[in-house]
Each structure stands twice: as structure tokens, then as C-alpha cells.
Amino acid sequence: MDRKAAEIGALANENETQQEQEQVVNPWEVSAKDGGKIDYDKLIDKFGCQRLDPSLVDRVERLTSRRAHVFLRRGVFFAHRDFNDILDAFERGEKFYLYTGRGPSSEALHLGHLIPFMFTQYLQEVFKVPLVIQLTDDEKFLWKNLTVEECRRLARENAKDIIACGFDIRRTFIFSDFDYVGGAFYRNMVEISKRVTCNQVVGIFGFIGEDHIGKYSFPPVQAAPSFPSSFPHLFSGKDNLRCLIPCAIDQDPYFRMTRDVAPRIGYHKPALIESLFFPALQGETGKMSASDPNSAIYVTDSEKDIKNKINKYAFSGGQDSIEKHRQLGANLEVDIPIKYLSFFLEDDTELEHTKKEYGAGRMLTGEVKQRLIEVLTKLVERHRRARAAVTDEMVDAFMAVRPLPNMFN
């Protein structure tokens, strides 16, 4: 099956009922069948994307003259759409821009929220390309029991956490939908809206008759940043510029819709590079939930909070006695401390040694958890210091509608 047929098939197959699905993965819900693990192979087949081949990782290293990010090396970003086309264009000397976003519904971000931003910062740095970051405060007003004013306030608070990830202000534009949508951006929204039927939206997103029309009207808002003409202050006269979107795979439905529309309104299809979900402390049944504070490590957690959460809630694959553990070793497939170390422990040699020793029973659960506490405490403390340095004036600067004359240098 060719790529176009796969995408059309994915669009057509979206309208199966939730009861028929083995797992539910969409922008608002992630759950595995019977409390099990997300089957990413089935997800790739259903969505029609491609697994990220190790040869693409090697190619990134060759083109950037930098070692690939740990999220690439270890398959955290594991699937893509047309990432190879982005690399082909880059090799020909053509630039591209990055687009990612955040739905601001909580005061503080958890580690799962940081993953796309940490990775996007790496992509911006090694490819030296501009970035647009969408804060979908309008979406959260439509989906959550929040006022417009609260959504706008949370957008600015979340922007501080995003800026703290190290983005280059010379190449970065952060915008709130409530503040920015209009003009050329709105014209693209209308172009998209005219080419997507209600039946398609229901099939892709699962909306029902009782849903208010705001939900039906939102997908073009998230689609529009995929097209450079939505940002005339940045990309005037650059309508042929390609877009790469780093995101978690639950955002894929928005961009399948976008990719279907793109050639019909004269743009390249946006390319995507998509990540696994960062699992909850209690187990790998989906992704962290902001509604359950004990399922996640937050960037506001103290060293004591992190230690308590890891020791008390992080699901262990170790055995229930030292003797049995020494004999059988840990089950690394279900062990959350090992999963978290696979995301955040930079040293590949140390990670492989830990997995080998723990899996063989020579290292105990308490030792692995202690190492994880050290790694996460350092990460969170570094982020907290960076965020404390972000002023309201810095947020205003990143969100100012302005040209970025050195964005490709």
C-alpha cells in the first residue's frame, strides 16, 4: 500500500466505535485494552504512519554533525510521516520550520509535557531553523471547565516553562490562539474548513451530536500553523517552506486531516516525528495524567516529593523478596524506574549496565529507584532554575509579532 492510500485508509477507519477498539488513542484520551500496554505497532498500522528507521537516525547525525538526541537514539520518537523528505530537502540546502504546541490546562507541567519541547529544542539547535509554538488556550476553554481569562493566564504560565527549555529567541515565535488568530492565519483556517466535511471530522475525532460546535470548528485552528502563510511576519513569500511537527502520537489525527487538505490548497504536507507516551508512575497503561498528581513527576516537585513518589508509586518489575529477586531478576518490560531512566539517563553505557544487572538480579529495586531519584531531581532542579529566570518581559518578547531576520542563520 502506498503512503497516500495508507493515509486515506486511516481516515476512513477512524469511525469505528470505542467499544470495538482494542485501545483508544486520540488527542483527549489514551487508554490501553484491559489496562494493558499501548500497542504501538497496531497504532502505526491504524494511523498509517511509518516506524522511524535507525538509518534515519544515522542520517540526522551525518547531516548535523552531532550525536542524535537520546530520544532519537532510544526510540522515544519512534514514528514519522515524511521525515525523510525533510532530510532530503535539508540536504539539498532547503530550510524548513518547526511547529509544536501545548494545550494550557494546568498550572505546572509534568515530565511528559516536557518531552516534545526538550526534543524540539534539540531540533532547532542542530538544524538552525525557526520554530512556532502554538498555545491552544481556545481549545482548553472549549474542552475544560475553565474561563477564557483562566485559559489565557495558564498560557502565559506554561510559556515560561516552555521558554525554560532553552529555545533561541532569535528563531522562536510563541503565540496564544486567543491573541494571534486572525488575518492570514484565519484565512488558512477557512480554506481548511471548506475542504473537510462533518462526516470526516466525526470519523477522525469521534465527535457526537451532543458536542457543541466549538469542538467541530477547532481542528482547523491546530492545522493552520502547518502552513507558512499563517505567519506573514515570519515567512512572507516563502509559501514553499516545509514544516516539521514534533509531537506525541495522540496528536496524529489533527495532522492526518491537515495532510489530506494541504495539496488541495497549494502547500507541502507537513511532516511529523512522533513520540511514545511517557508512562504514569503506576504503570505503562497510557500516559501521565495531570488530573492525578501521584501519577506524574511535576517540574514544581521538590526533592522530597520526587523521592516519595518514586519510592511509593513507581511500579517495580522486581520480585517480592530479595531471595527471589536474586534468583529471577527484574522484569524490565514492566519496570517504571527503568522506563524513566531510558528517557532521562544520558549515559548509554550506564543505562545498559543497569538494565543488565537489574535484569539478572544483581541490582535491587531500591538501588535503581535511588539512581532515578538522583536523575530526576537534577533534571527538575535545572528546569526550576531556568524557569525562575524567565521574566514577564521575556514572555512578551517571545510572543511579540515580529520578524526574525536571523532565523535561518
Side-chain angles (χ1 to χ4, degrees), residues 56-72 77 80 82-102 114 116-135 159-176 179-180 183-185 188 224-247 262 267-273 382 386-387 389-391 393-409:
L56 285 176
V57 179
D58 294 340
R59 194 173 176 204
V60 168
E61 292 188 331
R62 179 171 58 80
L63 288 174
T64 63
S65 301
R66 287 271 298 272
R67 192 175 190 207
H69 193 281
V70 65
F71 293 163
L72 266 184
F77 279 79
H80 75 102
D82 292 348
F83 185 47
N84 51 310
D85 290 349
I86 290 284
L87 297 181
D88 287 346
F90 186 79
E91 197 158 22
R92 293 193 300 267
E94 299 172 18
K95 293 290 190 176
F96 60 92
Y97 74 99
L98 295 162
Y99 156 40
T100 194
R102 159 86 182 135
L114 283 187
F117 294 111
M118 293 170 70
F119 185 63
T120 302
Q121 190 277 330
Y122 152 80
L123 291 174
Q124 181 186 58
E125 185 177 292
V126 299
F127 285 104
K128 297 180 174 58
V129 291
L131 161 69
V132 296
I133 299 175
Q134 180 181 44
L135 299 174
K160 293 177 181 177
D161 280 302
I162 292 168
I163 292 166
C165 291
F167 293 106
D168 185 346
I169 194 168
R170 299 170 305 164
R171 298 189 179 105
T172 306
F173 173 53
I174 302 175
F175 66 98
S176 140
D179 292 337
Y180 182 73
F185 192 103
N188 277 338
S226 307
F227 305 133
S229 62
S230 295
F231 307 99
H233 65 289
L234 300 178
F235 307 130
S236 179
K238 294 182 171 64
D239 286 359
N240 206 39
L241 194 64
R242 296 176 186 270
C243 175
L244 173 63
I245 305 169
C247 61
Y267 294 105
H268 289 296
K269 293 181 179 184
L272 283 85
I273 183 164
R382 184 171 63 241
R387 191 192 192 279
V390 178
T391 64
E393 290 74 21
M394 288 174 66
V395 175
D396 290 340
F398 270 94
M399 299 184 75
V401 178
R402 70 212 189 276
L404 300 176
N406 299 312
M407 60 186 173
F408 289 116
N409 297 331

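Heads up: numbering here begins at 1 and tracks the sequence.
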Working to the nearest 0.5 Å, report the span between NE2 of H69 and CD of E125.
9.5 Å
With side chains defined as the heavy atoms from C-beta onward, is the minimum distance between F127 and R66 less than 4.5 Å?
no
Excluding sequence neighbours, so at least two apart, what forms salt bridge (charged side-chain N to carboxylate O under 4.0 Å, His left out) with R382?
none
Looking at side-chain heavy atoms only, is the closest gap between I174 and I163 below 4.5 Å?
yes
Which pair of heavy atoms, one from Y180 and one from P232, lies closest together, and at what distance?
OH-CD, 4.0 Å
Among all residues two or more places apart in sequence or in another chain, which pass the salt bridge (charged side-chain N to carboxylate O under 4.0 Å, His left out) test with R387?
E157, D161
Would F398 and F173 count as a side-chain contact (heavy atoms from CB on, under 4.5 Å) if you check the C-alpha gap in whole Å, the side-chain angles of each, and the deciding distance to 0.1 Å?
CA-CA 6 Å; F398 270 94; F173 173 53; over 6 Å; no
Below 4.5 Å, heavy atoms only, C-beta onward: do L123 and F96 meet side chain to side chain?
no
Given the side-chain rings of F117 and F119, with only the six-membered ring counted for Trp, is the space between their centroids under 6.0 Å?
no
Are M399 and L135 side-chain neighbours, meaning at least one heavy-atom pair lies under 4.5 Å?
yes
Quick one: CZ on R102 to CD1 on I162, what's the gap to the nearest 0.5 Å?
7.5 Å
Backbone N/O of N240 and side chain of H268: donor-acceptor pair under 3.5 Å:
yes
Which value, rounded to the nearest 0.5 Å, describes the distance between K269 atom NZ and D82 atom CG?
7.0 Å
Answer yes or no: are there more than 12 heavy-atom neighbours, outside K95 itself, under 6.0 Å from its atom NZ?
yes
Can you sort out the partners of D396 under salt bridge (charged side-chain N to carboxylate O under 4.0 Å, His left out), two or more places apart, ordered by chain and number?
R156
Go through it in stages, so that I can follow the logic: the residues are Y97 and V129, the test is side-chain contact (heavy atoms from CB on, under 4.5 Å), and I'd like the CA-CA distance, side-chain angles, deciding distance and then a yes or no.
CA-CA 6 Å; Y97 74 99; V129 291; 5.7 Å; no
Mind checking the OH-CZ spacing from Y99 to F227? Nearest 0.5 Å is all I need.
10.5 Å
For residues L234 and M407, report the shortest heavy-atom separation together with the two atoms involved.
O-CE, 3.0 Å
Kindly write out the residues that satisfy side-chain hydrogen bond (donor to acceptor under 3.5 Å, both in side chains) with T100, not counting sequence neighbours, or none if the list is empty.
none
Which atom names give the shortest non-hydrogen contact between S226 and C243, and what distance separates them?
O-CB, 3.5 Å
Tell me, do L114 and C165 make a side-chain contact under 4.5 Å, heavy atoms counted?
yes
Across all chains, not counting sequence neighbours, the side-chain contact (heavy atoms from CB on, under 4.5 Å) partners of D239 are S229, Y267
For the aromatic rings, using the six-membered ring if either is Trp, is the centroid distance between F231 and F175 under 6.0 Å?
yes
Run the side-chain contact (heavy atoms from CB on, under 4.5 Å) check on V395 and K160 step by step: do they pass?
CA-CA 7 Å; V395 175; K160 293 177 181 177; 3.6 Å; yes
Look up atom OG in S176 and atom CD1 in I133, then write down how far apart they are to the nearest 0.5 Å.
13.0 Å
Which pair of non-hydrogen atoms, one from P130 and one from F235, has the smallest distance, and what is that distance?
CG-CE2, 3.9 Å
Give the intermediate values and the outcome of side-chain contact (heavy atoms from CB on, under 4.5 Å) for residues K128 and F408.
CA-CA 6 Å; K128 297 180 174 58; F408 289 116; over 6 Å; no
Measure the spacing between CG of L404 and CG of D168 and express it to the nearest 0.5 Å.
9.0 Å
Here the pair of heavy atoms bringing K238 nearest to P228 is O-CG, 3.4 Å
Heavy-atom distance under 4.5 Å between the side chains of C247 and L272, does that happen here?
yes
Report yes if some heavy atom in the side chain of I245 is under 4.5 Å from a heavy atom in the side chain of L98; otherwise report no.
no
Going by salt bridge (charged side-chain N to carboxylate O under 4.0 Å, His left out), name the residues that satisfy it together with R62, two or more places apart in sequence or in a different chain.
E91
Which heavy atom of P246 sits nearest a heavy atom of F77, and at what distance?
CB-CE2, 4.3 Å
Using modelled atom types and a 3.5 Å cut-off, is there a donor and acceptor pairing between side-chain atoms of E61 and backbone atoms of R67?
no
Does a salt bridge link R242 with D88, judged by any charged N lying under 4.0 Å from a carboxylate O?
no
